[in-house]
Amino acid sequence: MKTNKIKVLDIDFYQQTDVVDVSRQLLGKVLVTHFEGERTSGKIVETEAYRGPDDKACHAFNNRRTNRTKTMFEAGGVAYVYLCYGIHSLFNVVTGLEDQPHAVLIRAIEPIDNKTLMLHRRKMTTVKPQLTAGPGVLSKALGITTQYTGLKLTKGIDAIWIENHGEIVEANNIIASPRVGVAYAKECADWNWRFRIKNSKWTSPAK
DNA sequence: CACGGGATCGTCT
DNA sequence: GACGATCCCGTGT
């Protein structure tokens with residue numbers, strides 16, 4: 001039963017300096033998009049932490065600042081969206097203080113509001129995990145594209161934000177494992193910075 | 001279920 | 001000019 005008031009995450013949440021901890025805290029929160037009068041949303045069930053400058057898997061490793069990565073150097077509370085494999089828009093939450101290039105990749109959500117529109121965006125007909133399990137497909141379902149990189153998550157009407165619905169995910173309900181697709185990052189590939197809600201059927205299969 | 005390949009393009013060398 | 005924080009579909013088991 002959810003009797004708690006819904007609260008939009010504020011700048012203090014995003015500017016916490018431990019991106020790995022923020023990744024865990026984001027589990028159970030609700031990612032919302034509101035474009036052209038249409039709200040779509042889903043509960044975050046899988047995340048990954050990326051921590052420049054010491055994380056080889058992070059685009060901002062070694063404080064690498066380019067036109068693409070400059071968004072990650074902004075103070076926490078903005079979106080970092082980039083194109084992967086020429087096709088997929090991957091949505092990240094920038095965290096930490098200015099010049100700390102930290103970000104959390106949202107990897108999977110459990111659909112909540114306006115599943116009809118999400119299905120339409122995905123060109124699917126039935127609601128099942130593959131609708132939103134995966135960073136590329138959840139962006140598509142929510143209508144997120146690279147044009148929204150740099151967008152503030154803390155205000156706006158035509159916007160993206162994250163809500164706290166009062167759900168608390170206990171530590172023993174979180175599974176930590178290595179991140180996906182970062183084997184090239186050598187020693188960082190072993191860091192268990194991928195987090196998922198235990199027993200959620202809305203993530204990719206747990207190993 | 002595991003794999004292999006193609007799609008497709010912005011980014012940086 | 002090479003490649004990637006992915007996805008989907010095909011094949012084989």
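Per chain, numbering begins at 1; letters A, B, ... match sequence-line order. Predicted model, so just to flag it, every value in this text is computed and none were measured.
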Peer 1: Mind jotting down which residue pairs meet the side-chain hydrogen bond (donor to acceptor under 3.5 Å, both in side chains) criterion with at least one end in residues 118-139 of chain A? Sequence neighbours excluded, please.
Peer 2: A/Thr40-A/Arg121

Peer 1: Tell me which residues in residues 15-26 of chain A lie within less than 4.0 Å of DNA chain C, going by non-hydrogen atoms.
Peer 2: none

Peer 1: In terms of side-chain heavy atoms, does A/Tyr14 have a donor or acceptor partner in A/Gln16 at a distance below 3.5 Å?
Peer 2: no

Peer 1: Enumerate the residue pairs fulfilling ring-ring contact (aromatic ring centres under 6.0 Å, His included) with a member in residues 91-119 of chain A, sequence neighbours excluded, ordered by first and then second residue.
Peer 2: none

Peer 1: Taking side chain to side chain donor-acceptor pair (under 3.5 Å) as the definition, give me every residue that meets it alongside A/Asp99, ordered by chain and number, with sequence neighbours left out.
Peer 2: A/Arg65

Peer 1: Taking only residues two or more places apart in sequence or in another chain, which ones pass salt bridge (charged side-chain N to carboxylate O under 4.0 Å, His left out) with A/Arg51?
Peer 2: A/Asp54

Peer 1: Using whole Å, what does the distance between atom C1' of nucleotide C/dG4 and atom NZ of A/Lys56 come to?
Peer 2: 18 Å

Peer 1: Just the rounded figure in Å: distance from C1' of C/dA5 to CG of A/Leu138.
Peer 2: 13 Å

Peer 1: Would you kindly give the CE-to-P distance between A/Met72 and C/dA5, to the nearest whole Å?
Peer 2: 11 Å

Peer 1: Would you mind listing every side-chain hydrogen bond (donor to acceptor under 3.5 Å, both in side chains) that reaches into residues 67-89 of chain A, with sequence neighbours excluded?
Peer 2: A/His59-A/Tyr80, A/Thr66-A/Thr69, A/Asn67-A/Lys70

Peer 1: Within less than 4.0 Å of OP1 or OP2 of C/dC7, is there a side-chain N or O belonging to A/Arg122?
Peer 2: no

Peer 1: Using a 3.5 Å limit on both pairing distances, list the dot-bracket string of DNA chain B from the 5' end; Watson-Crick and G-U wobble pairs count, crossing pairs take [ ], interstrand pairs take |.
Peer 2: |||||||.||||.

Peer 1: Consider salt bridge (Lys or Arg N to Asp or Glu O under 4.0 Å). Of A/Lys201, A/Arg179, A/Arg194, which one does A/Glu46 pass it with?
Peer 2: A/Arg194

Peer 1: For A/Asn164, give me all partners under side chain to side chain donor-acceptor pair (under 3.5 Å), at least two apart in sequence or on another chain.
Peer 2: none

Peer 1: Output all residues satisfying side chain to side chain donor-acceptor pair (under 3.5 Å) with A/Gln147, sequence neighbours left out; order by chain, then residue number.
Peer 2: A/Thr145

Peer 1: Partners of A/Asp113 by salt bridge (charged side-chain N to carboxylate O under 4.0 Å, His left out), sequence neighbours excluded?
Peer 2: A/Arg39

Peer 1: Specify the separation, in whole Å, of atom CG of A/Leu105 and atom C1' of C/dG4.
Peer 2: 14 Å

Peer 1: Would you mind reading off the distance between A/Lys128 atom NZ and C/dC8 atom P, rounded to a whole angstrom?
Peer 2: 10 Å

Peer 1: Take atom CG of A/Leu90 and atom P of C/dC7, then tell me their distance rounded to the nearest Å.
Peer 2: 7 Å

Peer 1: Name all residues meeting the salt bridge (charged side-chain N to carboxylate O under 4.0 Å, His left out) criterion together with A/Asp21; count only those two or more places apart in sequence or in a different chain, and write none if there are none.
Peer 2: A/Arg24

Peer 1: Quickly work out the A/Met124 CE to C/dC7 P distance and round it to whole Å.
Peer 2: 13 Å

Peer 1: Give me, pair by pair, the N or O atoms of the protein and of nucleotides 4-11 of chain B that are less than 3.5 Å apart, along with how far apart they are.
Peer 2:
from: B/dT8; atom 1: O2; to: A/Tyr85; atom 2: O; distance (Å): 2.4

